[in-house]
Structures are given as C-alpha cells and as structure tokens.
Q: 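One structure, as structure tokens, below. Some questions next.
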Amino acid sequence: MMTQPLASTSFKVQSGSVPASQHQSLESNYHSLAVLWAKKYYLSVTRDNVQERTKHESLAEVNSGIGRQKTANKLMQNLTLASAQAWSLTETLLSEEIRRHGINPELINPLEIAADTRNLFQKAWEAYADGASPERLSVLMGKDCGRVRQKYTSQDPRAIGFVSMQFHYTGQKIQGWLSPAEQALFAPYLKVMDDHMYMPLQAAYEAAGNHEENSPALLAVQQLLPISTRIAFAVYDRVIRQHPDYESYSGSLRSEIVKISSIRDVEMFQVYLCLCVLEDNVRSVQQELFPLCVMLYPRLKVSWTLVQEMLNNILWEMHDRLSLDQVAPFLPYLRTLSEMFSKEVFQDS
C-alpha cells in the first residue's frame with residue numbers, strides 16, 4: 001500500500017480570486033517558467049551543434065531553408081508508417097497492462113492516440129521547416145502537448161503511458177529514416193516534444209501563475225529548472241557507476257537510447273517535484289506519476305532499487321548545486337517520493 005504523504009496541504013490560489021492589479025505579474029510567472037525551460041535548449045543545442053559541425057560536413061546544407069524543408073517532407077511521407085510501427089511496439093509492451101491494472105479498454109483507442117501524436121509531429125515539422133529553433137518549438141508546442149496530456153490524464157492518468165510510448169516509438173522510427181546530419185540537427189527538436197509529452201510542464205507553468213514573484217516556492221523552482229538537465233546527467237553517471245552491467249528492456253544502461261530515456265526520466269521526476277512545490281501538495285505524484293511508474297517500469301525492466309537510488313542522488317545533487325533555502329521547499333516532497341518508492345512498498349513484488 002502507498003504510504004501517506006507527509007506534506008499534503010492543498011492551499012492553492014484560484015485564478016478567479018486573483019486581484020486585477022496582480023494579474024499581470026502572475027501571468028508573467030507563467031511565461032518566465034516557460035522561458036527558463038526553453039533557454040535550456042538554447043544553451044545545450046548551441047553547444048551540441050558546435051560539436052556536431054566537426055562530425056558532419058553537410059550540416060550547414062541540411063540546416064538551410066531548402067534542407068529543412070526536405071527533411072520535413074521526408075518525415076511527413078514516412079509518418080503514417082512510423083505511427084503504425086510505433087503502435088505495434090506500444091501494444092507489445094503494454095497491452096497486458098490494460099487487463100492487469102484494470103484500465104478501461106475504451107480509454108485506449110489506438111486510432112485516436114495515433115491521430116493525436118501524428119498531429120503533434122506535423123505541427124513540429126511545420127515549425128522546423130519554417131526555421132524555428134528548439135527553444136522556440138518548446139514555446140510553440142507547449143500548450144498543444146499540454147492539451148493532449150490533459151485529455152488522457154483527466155480520465156485515467158495511466159492512459160498517458162500509452163500516449164507517451166506511442167510518441168516515443170514514433171520518434172525513434174522517424175529518426176531511423178534520417179541521415180546522420182539530419183539526426184544531429186533534429187534530435188533537440190525531438191527531445192523538446194518528448195519532454196513535453198512525458199513531463200507535466202504545462203501544469204507547472206499554470207501553477208507558477210498562481211504565485212507572487214517573491215514566493216519562496218516559485219523562487220526555488222526558478223533555480224532548479226535551469227539546472228535540471230545537468231542534475232539529470234550527473235544522476236545518470238552516478239547510477240552507471242553503481243550498476244555498470246545493468247540491462248533494461250531496451251538494452252544496457254550505457255546504450256545511447258537508454259541513456260537518453262534515463263536522463264529524461266530524471267528530469268521528469270524533478271518537474272513533478274517542482275509541480276508539488278508550486279501546488280503545495282503531492283496530488284500529481286499520487287494520481288499520475290506513481291501509477292504511471294508502477295505500470296511502465298516493471299515492463300521496461302527498471303528496478304525499484306534504481307528508482308530509489310535516483311531519488312537519493314537527486315537530493316545529493318540539489319544539495320551540491322543549490323543553497324539550503326532553495327533546497328528546503330523540495331525536501332518534504334522528496335521525502336514523500338522516497339517513501340512512496342521505498343522497498344517497503346514493493347517488497348512483495
């Protein structure tokens with residue numbers, strides 16, 4: 001049985017109760033958090049592209065207006081096939097979970113899920129062909145991805161697992177049709193979409209809009225988000241050292257595909273922590289993250305020991321990179337997550 005949360009107060013300012021004089025500043029908090037997340041891509045993509053230029057002489061050509069349009073056309077032509085292949089993989093991985101977890105089969109409509117994910121990819125490729133940067137795509141796609149997440153999580157949070165895996169596998173398939181130079185250029189865009197589908201970023205932005213600019217919770221989140229990727233890489237390196245020979249469903253922890261997914265998951269846990277702090281409750285973890293992990297991780301052969309060590313390493317990295325005042329708002333929720341994913345909960349599994 002899930003342990004009871006230690007910090008479960010649910011005070012939240014409703015948007016309708018915010019005085020008009022404060023509305024502008026509260027709205028700016030929404031955008032400032034979105035901008036912080038987008039800046040992460042600008043910094044990482046700028047650095048990565050410098051490295052990739054030394055590897056791929058054709059990168060400048062691929063990055064031209066004509067080159068981007070060619071890439072987008074190639075992706076569009078293969079999207080239907082990629083989507084079909086992705087659902088086959090998703091069904092193989094998760095079809096048994098519908099029965100085992102008692103999920104209403106009517107909520108898992110393959111045609112609807114495939115259509116929703118294809119629509120997001122189409123919008124992303126249109127922006128890519130128009131020359132939008134990854135950080136700009138993060139802003140453009142945020143609300144669209146948030147609406148898709150809300151559509152499925154509002155009925156049964158576990159349904160987002162099927163959507164996320166469909167999205168993930170579709171991205172993998174389309175990457176396989178790209179040249180090395182195209183893959184290098186398009187990978188950050190794929191990460192933007194993957195992150196928004198896996199993480200409750202839109203919910204965090206909206207929760208930030210309910211805080212004053214000097215709110216300790218908001219200030220702490222504003223400090224954590226920009227370094228969440230660096231923390232994720234450090235946590236991944238720690239886990240690799242602790243489990244050098246670990247094999248997951250998709251392969252070794254050292255493989256590139258598992259590395260990307262692992263780092264994304266560490267970031268995902270940090271975003272849920274931010275959402276807990278901003279909402280002043282653990283509802284999102286209880287209703288969404290925990291059930292999703294219980295459904296996905298055993299199928300992906302991710303042990304609960306790895307999850308426990310990940311949470312412990314997140315705490316150590318936060319202590320190393322943030323001040324005590326900045327870490328303090330996260331501690332009750334980190335403790336709650338550690339208890340929810342503890343050995344006592346899964347000892348009979």
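Fair warning: this is a prediction, and the values are worked out from it, not measured in the lab. The figures that follow rest on heavy atoms only: side chains count, while hydrogens, waters and symmetry mates do not.
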Q: Tell me which one of Val221, Leu224, Leu218 satisfies side-chain contact (heavy atoms from CB on, under 4.5 Å) with Val277.
A: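 So, applying the side-chain contact (heavy atoms from CB on, under 4.5 Å) to Val277 and each of Val221, Leu224, Leu218, only Val221 qualifies.
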
Q: What pairs of residues pass the ring-ring contact (aromatic ring centres under 6.0 Å, His included) test when at least one of them lies in residues 129-167, not counting sequence neighbours?
A: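 Listed by first then second residue: Phe121-Phe167.
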
Q: Roughly how far apart are Met340 CE and Cys293 SG, rounded to 0.5 Å?
A: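 The SG atom of Cys293 is 9.0 Å from CE of Met340, to the nearest 0.5 Å.
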
Q: Taking only residues two or more places apart in sequence, or in another chain, which ones meet Glu91 in a side chain to side chain contact (heavy atoms under 4.5 Å, CB included)?
A: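 Once residues adjacent in sequence are excluded, the partners of Glu91 under the side chain to side chain contact (heavy atoms under 4.5 Å, CB included) criterion are Trp87, Ser95.
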
Q: Under the side-chain hydrogen bond (donor to acceptor under 3.5 Å, both in side chains) rule, collect the residues that match up with Glu182, sequence neighbours excluded.
A: Thr71, Lys74, Ser179

Q: How far apart are the C-alpha atoms of Leu331 and Leu315, what are their side-chain angles, what is the distance that settles it, and do they pass the side-chain contact (heavy atoms from CB on, under 4.5 Å) test?
A: CA-CA 8 Å; Leu331 293 180; Leu315 174 60; 3.6 Å; yes

Q: Which heavy-atom pair separates Ala328 from Pro332 by the least distance, and what is that distance?
A: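 Here Ala328 and Pro332 meet closest at O-CD, 3.4 Å.
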
Q: Going by an N to O cut-off under 4.0 Å, is there a salt bridge joining Glu97 and Arg100?
A: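 Salt bridge flag = yes for Arg100 with Glu97.
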
Q: So which pairs with a foot in residues 254-288 pass ring-ring contact (aromatic ring centres under 6.0 Å, His included), sequence neighbours left out?
A: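 Qualifying pairs: Phe269-Phe341.
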
Q: What is the minimum heavy-atom distance between Met141 and Ala124, and which atoms define it?
A: SD-N, 4.0 Å

Q: Backbone N or O of Tyr198 within a donor-acceptor pair of the Arg149 side chain at under 3.5 Å?
A: yes

Q: Residues two or more places apart in sequence or in another chain: which of them pass side-chain hydrogen bond (donor to acceptor under 3.5 Å, both in side chains) with Gln69?
A: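 Scan of Gln69 (side-chain hydrogen bond (donor to acceptor under 3.5 Å, both in side chains), adjacent residues dropped) gives Asn73.
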
Q: Are Met268 and Val239 linked, directly or through intermediate hydrophobic residues, by side-chain heavy-atom contacts shorter than 4.5 Å (ILVMFWY only)?
A: yes

Q: One pair to check against side-chain contact (heavy atoms from CB on, under 4.5 Å): Gln308 and Asn312. What are the steps and the verdict?
A: CA-CA 6 Å; Gln308 293 152 15; Asn312 188 52; over 6 Å; no

Q: Report the distance from atom CG of Asp320 to atom CH2 of Trp316, rounding to the nearest 0.5 Å.
A: 8.0 Å

Q: Taking Asp130 for its side chain and Ala132 for its backbone only, find out whether a donor-acceptor pair lies under 3.5 Å.
A: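 No.
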
Q: I'd like to check Cys145 versus Leu120 (side-chain heavy atoms, cut-off strictly below 4.5 Å). Are they in contact?
A: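 SC-SC contact between Cys145 and Leu120 confirmed.
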
Q: Quick one: do the Asp265 and Tyr236 side chains pair a donor with an acceptor below 3.5 Å?
A: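 No - no donor-acceptor pair under 3.5 Å links their side chains.
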
Q: Going by side chain to side chain contact (heavy atoms under 4.5 Å, CB included), name the residues that satisfy it together with Ser303, two or more places apart in sequence or in a different chain.
A: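 Tyr246, Thr305, Leu306.
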
Q: Indicate if Val139 and Leu225 have the same hydrophobic cluster label, given that clusters are the connected sets of ILVMFWY residues with side-chain heavy-atom separations under 4.5 angstrom.
A: no

Q: Let's go through Trp304 and Val345 carefully: what are the C-alpha distance in whole Å and the side-chain angles of both, what is the deciding distance for side-chain contact (heavy atoms from CB on, under 4.5 Å) to 0.1 Å, and is it a yes or a no?
A: CA-CA 10 Å; Trp304 300 118; Val345 174; over 6 Å; no

Q: Regarding Lys143 and Glu206, does a basic nitrogen lie under 4.0 Å from an acidic carboxylate oxygen?
A: no

Q: Side chains of Met165 and Leu296: does their closest heavy-atom pair fall under 4.5 Å?
A: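 Yes, side chains in contact.
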
Q: In Å, rounded to the nearest 0.5 Å, how long is the span from NE2 of His196 to CG of Leu140?
A: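 Taking NE2 in His196 and CG in Leu140, the distance rounds to 10.0 Å.
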
Q: For Gln326, which residues count as a side chain to side chain contact (heavy atoms under 4.5 Å, CB included) partner, sequence neighbours excluded?
A: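 Once residues adjacent in sequence are excluded, the partners of Gln326 under the side chain to side chain contact (heavy atoms under 4.5 Å, CB included) criterion are Gln223, Leu322, Ser323.
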
Q: Parallel, tilted or perpendicular: which one describes the rings of Tyr128 and Tyr189, with boundaries at 30° and 60°?
A: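 Perpendicular: the ring planes of Tyr128 and Tyr189 meet at over 60°.
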
Q: Taking all non-hydrogen atoms of both residues, which atom of Gly131 and which atom of Arg68 are closest, and how far apart?
A: CA-NH1, 3.9 Å

Q: Under 4.5 Å between side-chain heavy atoms, hopping through other hydrophobics if needed: is there a path connecting Met310 to Leu300?
A: yes

Q: On a heavy-atom basis, which atom in Arg158 and which in Met295 lie closest, and how many Å separate them?
A: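 That closest heavy-atom pairing would be O-CE, 3.2 Å.
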
Q: Pairs in or reaching into residues 244-253: which pass salt bridge (Lys or Arg N to Asp or Glu O under 4.0 Å), with residues at least two apart or in two chains?
A: none

Q: Answer with yes or no whether the hydrophobic clustering places Val266 together with Leu275; edges join I, L, V, M, F, W, Y residues whose side-chain heavy atoms lie under 4.5 Å apart.
A: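 No, it is not one cluster - the side chains of Val266 and Leu275 are not joined through contacts under 4.5 Å.
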
Q: Quick check: does any side chain N or O of Gln270 sit under 3.5 Å from a backbone N or O of Ser228, one acting as donor and the other as acceptor?
A: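 A pair under 3.5 Å: yes.
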
Q: Give me the one residue out of Met197, Arg264, Met193 that meets side-chain contact (heavy atoms from CB on, under 4.5 Å) with His168.
A: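 Result: among Met197, Arg264, Met193, Arg264 is the only option passing the side-chain contact (heavy atoms from CB on, under 4.5 Å) with His168.
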
Q: Can you give me the closest heavy-atom contact between Pro329 and Asp325, atom names plus distance?
A: CD-O, 3.2 Å

Q: Should Leu79 and Thr170 be marked as a side-chain contact (heavy atoms from CB on, under 4.5 Å) after you check the CA-CA gap, both sets of side-chain angles, and the distance that decides it?
A: CA-CA 8 Å; Leu79 180 56; Thr170 301; 4.1 Å; yes

Q: Taking atom CD of Gln155 and atom CD1 of Ile108, what is their separation to the nearest 0.5 Å?
A: 9.0 Å

Q: Would you mind checking if Asp195 and Lys191 are paired as a salt bridge, meaning a charged N to carboxylate O distance below 4.0 Å?
A: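 Here Lys191 pairs with Asp195 in a salt bridge, since their nearest N and O are under 4.0 Å apart.
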
Q: On a heavy-atom basis, which atom in Cys276 and which in Val285 lie closest, and how many Å separate them?
A: SG-CG2, 3.5 Å

Q: Checking Ser261 side chain against Val258 main chain: does a donor-acceptor pair fall under 3.5 Å?
A: no

Q: Less than 4.5 Å apart, any side-chain heavy atom of Asp194 and any of Met199?
A: no

Q: What distance separates Leu137 CG from Lys123 NZ, expressed to the nearest 0.5 Å?
A: 11.5 Å

Q: Counting distance only, does the side-chain N/O of Asp144 pair as donor-acceptor with the main-chain N or O of Gly142 below 3.5 Å?
A: no

Q: Rounded to the nearest 0.5 Å, how far apart are CG of Leu324 and NE2 of His319?
A: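 Rounded to the nearest 0.5 Å, the CG-NE2 separation comes to 7.0 Å.
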
Q: My understanding is that only residues two or more places apart in sequence, or in another chain, count here; which of them pass side-chain hydrogen bond (donor to acceptor under 3.5 Å, both in side chains) with Ser164?
A: none

Q: Shared ILVMFWY cluster between Ile257 and Leu253, side chains joined below 4.5 angstrom?
A: yes

Q: Going by the rule side chain to side chain contact (heavy atoms under 4.5 Å, CB included), which residues pair with Leu219 if we only count those two or more places apart in sequence or in a different chain?
A: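 Side chain to side chain contact (heavy atoms under 4.5 Å, CB included) check on Leu219 returns Gln222.
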
Q: Would you check if the side chain of Arg238 reaches a backbone N or O of Asn313 as a donor-acceptor pair within less than 3.5 Å?
A: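 Not confirmed, Arg238 side chain does not pair with Asn313 backbone.
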
Q: Under the side-chain contact (heavy atoms from CB on, under 4.5 Å) test against Phe330, which residue among Ile314, Leu273, Leu337 passes?
A: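 It is Leu273, the one option of Ile314, Leu273, Leu337 that forms the side-chain contact (heavy atoms from CB on, under 4.5 Å) with Phe330.
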
Q: Using side-chain hydrogen bond (donor to acceptor under 3.5 Å, both in side chains) as the criterion, list what pairs up with Gln166, not counting sequence neighbours.
A: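 Counting only residues at least two positions away or on another chain, Gln166 forms a side-chain hydrogen bond (donor to acceptor under 3.5 Å, both in side chains) with Ser83.
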
Q: Checking His211 side chain against Leu278 main chain: does a donor-acceptor pair fall under 3.5 Å?
A: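 Pair found, side chain donor or acceptor close to backbone of Leu278.
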
Q: Provide the full list of salt bridge (Lys or Arg N to Asp or Glu O under 4.0 Å) pairs with a residue in residues 104-120, sequence neighbours left out, each pair given once.
A: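 Salt bridge (Lys or Arg N to Asp or Glu O under 4.0 Å) check on residues 104-120 returns Glu112-Lys151, Asp116-Lys151.
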
